[in-house]
Amino acid sequence: SQKIEQNSEALNIQEGKTATLTCNYTNYSPAYLQWYRQDPGRGPVFLLLIRENEKEKRKERLKVTFDTTLKQSLFHITASQPADSATYLCVFFYGQNFVFGPGTRLSVLP
Amino acid sequence: DAGVTQSPTHLIKTRGQHVTLRCSPISGHKSVSWYQQVLGQGPQFIFQYYEKEERGRGNFPDRFSARQFPNYSSELNVNALLLGDSALYLCASSLLVTGSGNQPQHFGDGTRLSIL
């Protein structure tokens, strides 16, 4: 079955550093991959979408890469701030389903 | 503009009961999807509806059903509730049907369902 793995359950980094989150997928080659942010007790919020033929996509301090050979997407937050602390989810669409990863909980320490 | 709204925000039920959850999409959005999120996990896809028709179904038992109304709002129904149905139920809307994953989804803040 199609599966998404995210690098770790939790990631702690110091304010001002770059956070890098990893999303690996198996048994499928998605045409699109999306990243969402979720705060405790809230619904996920869409951040970025990247197509399979795009190597990289940027939005302000956020950058996403998509390597179809490695079956991997990297999500970077530069100059991280405590307000970036949240759970980050990657997701692709397969058949008629959206397949979400388990999420990585990022904590940015002041 | 209002975002996706879900009601109720919290609900407590007992095993064997039935529950109906409601969702109003963003104005102009015609697609609604439902997800179940257990604590510590990513959302799991239950249904997608577009123009009142079911366009996708996840791996959930027949106790779960949904429908979409002419105004594009939606209901999720769960019968014969089990303890394992305790979760956050999320609704998401998008402008069009998400046939390939190229549509961002806009989520509500969910209904927290607890089964005793």
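Computed from heavy atoms alone, side chains included, the values below leave out hydrogens, waters and symmetry copies.
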A/Phe93 and B/Gln103, any side-chain heavy atoms less than 4.5 Å apart
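Answer no - side chains too far apart.
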What I'd like to find out is whether the side chain of B/Pro43 reaches to under 4.5 Å of the side chain of A/Val91, using heavy atoms alone.
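No - every pair of side-chain heavy atoms lies 4.5 Å or more apart.
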With a 4.5 Å cut-off on side-chain heavy-atom distances among I, L, V, M, F, W and Y, is there a chain of contacts connecting [X] to [Y]?
{"X": "A/Leu49", "Y": "A/Val45", "answer": "no"}
{"X": "B/Leu88", "Y": "B/Ile46", "answer": "no"}
{"X": "B/Leu21", "Y": "B/Val78", "answer": "yes"}
{"X": "B/Tyr49", "Y": "B/Val4", "answer": "no"}

Is it true that, when you exclude A/Glu60 itself, more than 12 heavy atoms of the residues, nucleotides or ligands shown sit nearer than 6.0 Å to its CD?
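Count not over threshold, so no.
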Given a strict heavy-atom distance threshold of 4.5 Å, which part of B/Arg57 is in contact with chain A: side chain, backbone, both, or neither?
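Backbone only.
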What part of B/Gln6 is in contact with chain A, defined as an atom under 4.5 angstrom from a non-hydrogen atom: side chain, backbone, both or neither?
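Answer is neither: B/Gln6 stays 4.5 Å or more from chain A.
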To the nearest 0.5 Å, what is the distance between OG1 (A/Thr87) and CD (B/Gln41)?
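Those atoms lie 12.5 Å apart.
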Over all heavy atoms of both residues, which pair between B/Leu90 and A/Pro44 is shortest? Give the atoms and the distance, please.
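B/Leu90 and A/Pro44 have their closest heavy atoms at CD1-CD, 3.8 Å.
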Using 30° and 60° as the class boundaries, would you call the ring planes of B/Tyr35 and A/Phe98 parallel, tilted or perpendicular?
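The rings of B/Tyr35 and A/Phe98 sit tilted, inter-plane angle from 30° to 60°.
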Name all residues meeting the ring-ring contact (aromatic ring centres under 6.0 Å, His included) criterion together with B/Trp34; count only those two or more places apart in sequence or in a different chain, and write none if there are none.
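In terms of ring-ring contact (aromatic ring centres under 6.0 Å, His included), with neighbours along the sequence ignored, B/Trp34 is linked to no residue.
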Any side-chain donor near an acceptor of the partner, A/Gln38 and B/Gln37, under 3.5 Å:
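Short answer, yes.
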